[in-house]
*Asks:* 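Quick one: this structure, given as structure tokens, is what I'll be asking you about.
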Amino acid sequence: MSPVGPTTLVMLLLSLVSLAASCTEQETSSLLQFISELSRDGGLSISWGNASDCCEWEGIACSSDGTTVTDVSLSSRSLQGPISPSLGNLTGLLRLNLSNNMLSGGLPLELLSSKSILVLDVSFNQLDGNMDDLASLAPRQPLQVLNISSNLFTGQFTSTTWKAMVNLVTLNASNNSFTGQIPTHFCNISPSFAVLEVSYNQLSSTVPKGLGNCSALRVLKAGHNNLRGSLPDELFSATSLEHLSFPNNYLNGVLDGSPIMNLRNLATLDLGGNNLAGSIPDSIGQLKELEELRLFNNFSGEISKVNFSTLHNLEILDLLDNSFTGTVPESIYSCRNLIALRLCGNNLLHGQLSPRIRNLKSLTFLSIGYNNFTNITNTLQILASCKNLTVLLIGSNFINETMPDDDSIDDISNNSLTGEIPTAIMLASEKTAAHFDPRIFDLPVYNNPSRQYRIHTVPKMLDLSSNKLTGVIPSDIGQVTSLLSLNISFNNLTGPIPPSICNLANLLVLDLSNNNITGEVPAALENLHFLSKFNVSNNDLEGPIPTGGQFGTFQNSSFGGNPKLCGSVLGRPCSSTEVGPVSIVDRKPFGSKVIFAIAFGVFFGVGVLYDQMGASANVEAYAHGSGGGLASPRPVMARRGYGLGRGLRGSCDNTRRLSGGKLGRR
Ligand SMILES: *[C@@H]1O[C@H](CO)[C@@H](O)[C@H](O)[C@H]1NC(C)=O
Ligand SMILES: *[C@@H]1O[C@H](CO)[C@@H](O)[C@H](O)[C@H]1NC(C)=O
Ligand SMILES: *[C@@H]1O[C@H](CO)[C@@H](O)[C@H](O)[C@H]1NC(C)=O
Ligand SMILES: *[C@@H]1O[C@H](CO)[C@@H](O)[C@H](O)[C@H]1NC(C)=O
Ligand SMILES: *[C@@H]1O[C@H](CO)[C@@H](O)[C@H](O)[C@H]1NC(C)=O
Ligand SMILES: *[C@@H]1O[C@H](CO)[C@@H](O)[C@H](O)[C@H]1NC(C)=O
Ligand SMILES: *[C@@H]1O[C@H](CO)[C@@H](O)[C@H](O)[C@H]1NC(C)=O
Ligand SMILES: *[C@@H]1O[C@H](CO)[C@@H](O)[C@H](O)[C@H]1NC(C)=O
Ligand SMILES: *[C@@H]1O[C@H](CO)[C@@H](O)[C@H](O)[C@H]1NC(C)=O
Ligand SMILES: *[C@@H]1O[C@H](CO)[C@@H](O)[C@H](O)[C@H]1NC(C)=O
Ligand SMILES: *[C@@H]1O[C@H](CO)[C@@H](O)[C@H](O)[C@H]1NC(C)=O
Ligand SMILES: *[C@@H]1O[C@H](CO)[C@@H](O)[C@H](O)[C@H]1NC(C)=O
């Protein structure tokens with residue numbers, strides 16, 4: 001990353017020109033001019049100084065006869081500064097890729113008006129300017145692919161600049177600040193126009209009827225804008241469409257079954273996060289190519305009437321936050337390729353989970369929370385044999401049912417699975433839902449082309465405080481070794497503190513207070529070196545309080561209300577039989593809803609947990625959501641230099657934006 005001095009440049013230039021074998025002088029000087037105008041060139045001038053023929057330079061490719069520069073591929077080179085118009089002087093340039101740098105300023109008209117460039121990718125920079133301010137281009141540009149996404153461009157798609165692009169196949173203008181309407185004129189002027197991506201802008205008005213003329217359009221993505229009105233029937237004349245995606249706009253009206261049936265090639269239909277209402281058209285089953293169907297927000301009706309059984313390719317079905325009634329349609333269990341199913345937040349879906357869900361061998365993500373499902377024992381029994389399930393969100397169902405204990409599930413599960421799929425039970429109370437909300441839990445994200453899914457947002461915090469939990473603390477809790485915070489205070493738990501808790505080596509916060517826990521405080525807890533908040537007050541513990549490790553730092557409030565505990569911190573020597581006063585703690589009202597997030601052991605074996613996790617989000621969660629009145633551990637983490645720098649993606653905010661939903665909007 002050395003700035004280029006003028007003297008160096010001139011010398012470089014002279015030496016190169018004199019030695020030039022294949023690359024023309026004009027091309028060499030155009031390229032050198034380009035790097036000389038950069039404020040940071042990412043070491044290119046040094047690297048290019050090694051060869052006289054510019055065709056041998058890093059990031060440059062030439063025609064087969066070695067005389068013409070055809071490709072400039074300089075993405076992710078930490079380039080800074082403006083894009084020089086001199087690149088427009090590379091008269092044989094076919095592909096220019098400057099993506100993922102820190103380039104700023106405008107996009108030179110010389111590039112857009114190039115008589116040779118077919119592919120222009122300047123995505124992920126800080127380019128700005130109003131695209132409408134560009135002078136008009138000569139007609140008939142050869143440009144086929146234009147990626148200007150993730151920049152700071154403004155303006156509309158109306159100017160003559162755009163009207164000259166008669167060969168355009170792909171326009172990616174997502175993640176800028178474009179306003180106005182979705183452009184449709186490309187469909188009229190460019191017969192091969194196939195991909196239009198304008199999501200994450202500020203487009204408004206209605207969805208234009210002109211899209212119906214886009215006979216070659218395969219991909220139309222306009223989510224996260226301010227589009228209004230209903231979907232025009234004309235849109236469904238664009239029968240080549242494979243991906244139709246309008247999430248998080250203000251679209252309204254109903255989804256009419258008959259026109260949408262024209263889109264026989266549809267693989268993705270995403271209309272979530274709008275104000276569309278009515279029922280899912282029965283004829284949705286005719287869209288046999290569907291892989292992804294996302295319809296969340298205002299849809300309603302008896303869901304068991306919809307026939308999903310013909311959707312053999314369906315991988316993602318997201319019906320979050322609607323008002324469907326009835327039971328889970330049996331036809332869903334015929335979608336054998338289903339990877340993610342989200343029925344969360346419909347409130348009135350009821351009944352017991354069908355054992356047929358085991359047919360869904362690829363099911364990885366299941367979210368059915370905030371409904372009225374019954375029989376948690378049955379549910380856990382069935383799901384214990386769904387081997388590929390890694391995220392299960394079933395909270396706010398099973399009203400007034402009792403959690404089955406560990407043993408009853410293990411009896412249940414096939415012997416061959418014992419040890420392989422220990423159930424680790426993760427529950428979060430309603431009040432932390434703002435920070436860990438299963439309704440906005442992200443769905444698997446595909447990484448093309450391998451189509452492998454990746455799950456981010458894995459909770460590191462387990463807060464099931466202030467519920468009506470009974471029974472003993474499951475010893476499997478010790479398997480959730482990624483946990484940073486465990487809060488099960490204000491319940492009615494009995495039995496001892498399971499020694500396995502001492503395996504939670506990363507634990508910062510442990511709150512078991514206000515239960516009926518008996519037995520001793522395991523001395524092995526002294527080995528939890530990061531433990532900074534500890535509370536077992538108001539239980540029925542006995543014996544000596546450990547004194548080693550972090551226990552030297554805890555105050556008497558951590559232990560009060562256990563008449564049989566002894567130790568100097570309570571001023572009650574262990575030889576004494578004196579019984580201290582019981583401190584009275586206000587009981588918080590029991591939350592009526594419990595969010596159950598049950599993750600299986602295989603999941604924890606994957607090892608993605610810490611890396612993928614938004615550690616910062618969890619610190620937030622502790623700070624705001626801790627049920628036992630514990631303070632944020634943030635200062636402690638900072639003091640210890642805890643590894644917070646990694647994996648800041650996957651925070652709740654990110655999740656909301658990606659998955660939309662009521663909570664997700666803006
Ligand atoms: C340029 O050549 C020198 C000597 O051959 C070599 O040490 C250096 O690594 C080369 N630099 C680049 C950027 O290729
Ligand atoms: C392009 O090349 C012409 C002729 O060599 C030269 O006059 C002009 O300055 C160059 N333009 C840029 C922007 O470098
Ligand atoms: C530009 O380069 C990046 C990084 O190699 C690549 O991901 C992207 O696909 C390229 N753009 C085009 C249009 O090929
Ligand atoms: C820009 O968009 C083109 C066309 O969709 C695509 O091929 C290319 O990979 C994109 N570039 C990046 C860096 O994603
Ligand atoms: C458009 O570019 C964005 C990145 O800015 C990328 O995420 C998206 O996949 C691209 N869309 C298409 C259709 O290539
Ligand atoms: C939008 O662009 C910014 C800046 O390049 C980037 O950080 C962000 O991830 C992009 N968002 C999307 C949705 O592509
Ligand atoms: C289940 O997961 C395993 C391991 O990740 C994988 O090999 C297998 O193909 C998956 N099964 C299905 C039906 O997707
Ligand atoms: C939930 O289901 C239970 C048992 O099936 C039923 O008694 C109750 O009325 C349902 N609640 C609602 C709000 O429908
Ligand atoms: C709940 O499920 C269990 C296990 O499948 C079953 O034995 C029991 O009868 C079910 N209870 C009800 C009320 O259906
Ligand atoms: C759950 O139990 C509480 C009190 O124990 C009772 O008031 C409430 O009606 C019960 N809810 C249902 C749905 O049975
Ligand atoms: C502990 O159990 C006793 C009865 O066994 C009960 O009266 C008391 O309410 C329980 N305490 C808590 C905190 O649940
Ligand atoms: C706690 O459990 C005990 C024993 O099971 C029971 O007697 C008591 O009523 C429960 N207390 C509450 C507050 O649910």
Side-chain angles (χ1 to χ4, degrees), residues 42 58-61 70-79 93-101 103 111 117-127 143-153 168-178 182 186 193-201 217-225 241-247 267-268 270 292 327 350-358 372-385 394 397-405 407-413 445-449 649 654 657-658:
E58 250 187 294
I60 308 296
T70 55
D71 292 81
V72 174
S73 310
L74 297 173
S75 62
S76 308
R77 296 282 177 145
S78 307
L79 307 182
L93 188 62
L94 301 177
R95 288 164 291 264
L96 175 59
N97 192 340
L98 299 174
S99 65
N100 271 300
N101 285 295
L103 298 167
L111 296 182
I117 296 180
L118 303 178
V119 178
L120 178 54
D121 188 347
V122 292
S123 61
F124 293 100
N125 280 290
Q126 286 144 30
L127 299 171
L143 193 64
Q144 294 174 0
V145 175
L146 178 59
N147 192 344
I148 53 173
S149 65
S150 295
N151 279 287
L152 307 168
F153 291 114
L168 206 62
V169 176
T170 298
L171 172 62
N172 191 343
S174 68
N175 202 10
N176 281 286
S177 296
F178 287 107
I182 299 178
F186 297 111
F193 190 63
V195 178
L196 177 57
E197 155 82 279
V198 288
S199 40
Y200 294 97
N201 278 289
L217 197 63
R218 288 186 296 104
V219 177
L220 174 55
K221 296 189 175 184
H224 302 263
N225 279 289
L241 275 176
E242 293 167 17
H243 300 273
L244 181 58
S245 164
F246 284 112
T268 304
D270 185 352
E292 228 181 291
T327 55
H350 63 263
Q352 298 190 20
L353 198 68
S354 162
R356 288 192 67 204
I357 202 163
R358 293 179 184 132
N372 193 18
F373 292 110
T374 45
N375 203 343
I376 187 162
T377 308
N378 180 48
T379 304
L380 293 181
Q381 269 183 29
I382 290 170
L383 294 174
S385 52
I394 59 176
N397 284 293
F398 317 110
I399 302 291
N400 290 356
E401 292 185 30
T402 317
M403 275 297 289
D405 54 37
D407 286 348
S408 73
I409 297 172
D410 281 351
D411 293 351
I412 293 159
S413 63
V445 175
Y446 288 113
N447 276 340
N448 282 329
R649 290 170 50 82
N654 187 33
R657 188 162 45 76
L658 288 174

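Sequence positions, counted from 1, serve as the residue numbers for this chain. The shown structure was predicted, so the numbers you read here are calculated from the model rather than taken from an experiment. One-based numbering, in listed order, for ligands and for the atoms of each.
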*Asks:* For F124, take its heavy atoms, then give the atoms of ligand 5 lying under 4.0 Å from any of them.
*Replies:*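 Heavy-atom distances to F124 below 4.0 Å select 4 (C), 5 (O).
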*Asks:* Would you check if the side chain of D270 reaches a backbone N or O of E292 as a donor-acceptor pair within less than 3.5 Å?
*Replies:*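 Absent.
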*Asks:* Closer than 4.0 Å to some heavy atom of S149 - which atoms of ligand 5 meet that?
*Replies:*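 Under 4.0 Å from S149, ligand 5 has these atoms: 2 (O), 3 (C), 4 (C), 5 (O).
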*Asks:* Quick check: K221 and ligand 5, any N/O pair under 3.5 Å apart?
*Replies:*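 No - when backbone and side-chain N and O of K221 are compared with those of ligand 5, no distance drops under 3.5 Å.
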*Asks:* Below 4.0 Å from any atom of ligand 5, is there a heavy atom belonging to S123?
*Replies:*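 No, S123 has no heavy atom closer than 4.0 Å to ligand 5.
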*Asks:* Would a 4.5 Å heavy-atom cut-off, applied to side chains only, mark N97 and V119 as touching?
*Replies:*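 Of all side-chain heavy-atom pairs linking V119 with N97, none is under 4.5 Å.
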*Asks:* To the nearest 0.1 Å, how far is atom 11 (N) of ligand 3 from its closest protein heavy atom, and which atom is that?
*Replies:*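 In this structure, atom 11 (N) of ligand 3 has D121 OD2, 2.7 Å as its nearest protein heavy atom.
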*Asks:* May I ask you to list the atoms of ligand 3 that are less than 4.0 angstrom from any heavy atom of S99?
*Replies:*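 Listed by number with element, the hits are 1 (C), 2 (O), 3 (C).
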*Asks:* Among all protein non-hydrogen atoms, which one is nearest to atom 5 (O) of ligand 9, and what is the separation to 0.1 Å?
*Replies:*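 Here the nearest protein heavy atom works out to N378 OD1, 3.2 Å.
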*Asks:* Check each atom of ligand 5 against the heavy atoms of S174 and keep those under 4.0 Å away; list them by number with element.
*Replies:*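 Listed by number with element: 1 (C), 2 (O), 3 (C), 5 (O).
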*Asks:* How far is atom 14 (O) of ligand 9 from its nearest protein heavy atom, and which residue and atom is that?
*Replies:*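 Answer for atom 14 (O) of ligand 9: Q352 NE2, 2.7 Å.
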*Asks:* Using only atom types and a distance under 3.5 Å, with no angle test, would you say the side chain of N101 pairs donor to acceptor with the backbone of R77?
*Replies:*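 At least one qualifying donor-acceptor pair exists.
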*Asks:* I want to check something: taking the side chain as every heavy atom from C-beta on, are I117 and L94 in contact at a cut-off of under 4.5 Å?
*Replies:*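 They are not in side-chain contact.
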*Asks:* Return the closest protein heavy atom for atom 1 (C) of ligand 5 as residue, atom name and distance.
*Replies:*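 Among all protein heavy atoms, the one nearest atom 1 (C) of ligand 5 is N172 ND2, 1.5 Å.
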*Asks:* Any side-chain heavy atom of T327 sitting closer than 4.5 Å to one from H350?
*Replies:*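 A side-chain contact exists here, since the closest heavy-atom pair is under 4.5 Å.
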*Asks:* Between V122 and L103, is there a side-chain heavy-atom distance shorter than 4.5 Å?
*Replies:*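 L103 does not reach V122 side chain to side chain.
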*Asks:* Flag the pair N225 / F178 as yes when at least one side-chain heavy-atom distance between them is below 4.5 Å, and no otherwise.
*Replies:*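 Not in contact.
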*Asks:* Got L241 and L217 here, is their nearest side-chain heavy-atom distance under 4.5 Å?
*Replies:*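 A side-chain contact exists here, since the closest heavy-atom pair is under 4.5 Å.
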*Asks:* Indicate yes or no: does an N/O atom of N147 lie under 3.5 Å from an N/O atom of ligand 5?
*Replies:*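 So ligand 5 has no N or O lying under 3.5 Å from an N or O of N147.
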*Asks:* Give the contacting part of V119 toward ligand 3: side chain, backbone, both or neither, where contact means a heavy-atom distance below 4.0 Å.
*Replies:*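 The answer is the side chain.
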*Asks:* For atom 4 (C) of ligand 3, find the nearest protein heavy atom and state the residue, atom name and distance (0.1 Å precision).
*Replies:*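 I find the closest protein heavy atom is S75 OG, 3.3 Å.
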*Asks:* What residue and atom, counting heavy atoms only, is the protein's closest point to atom 9 (O) of ligand 9, and at what distance?
*Replies:*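 Heavy-atom neighbour on the protein nearest atom 9 (O) of ligand 9: N375 ND2, 4.7 Å.
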*Asks:* Check whether N378 reaches the backbone of Q352 with its side chain - one donor and one acceptor, N or O, closer than 3.5 Å.
*Replies:*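 It does not hold such a pair.
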*Asks:* Quick test: of every protein heavy atom, which one is nearest to atom 2 (O) of ligand 3, and how far off is it to 0.1 Å?
*Replies:*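 I find the closest protein heavy atom is N97 ND2, 2.3 Å.
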*Asks:* N151 side chain to N125 main-chain N or O, any donor-acceptor pair under 3.5 Å?
*Replies:*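 Side chain of N151 to backbone of N125: a pair is present.
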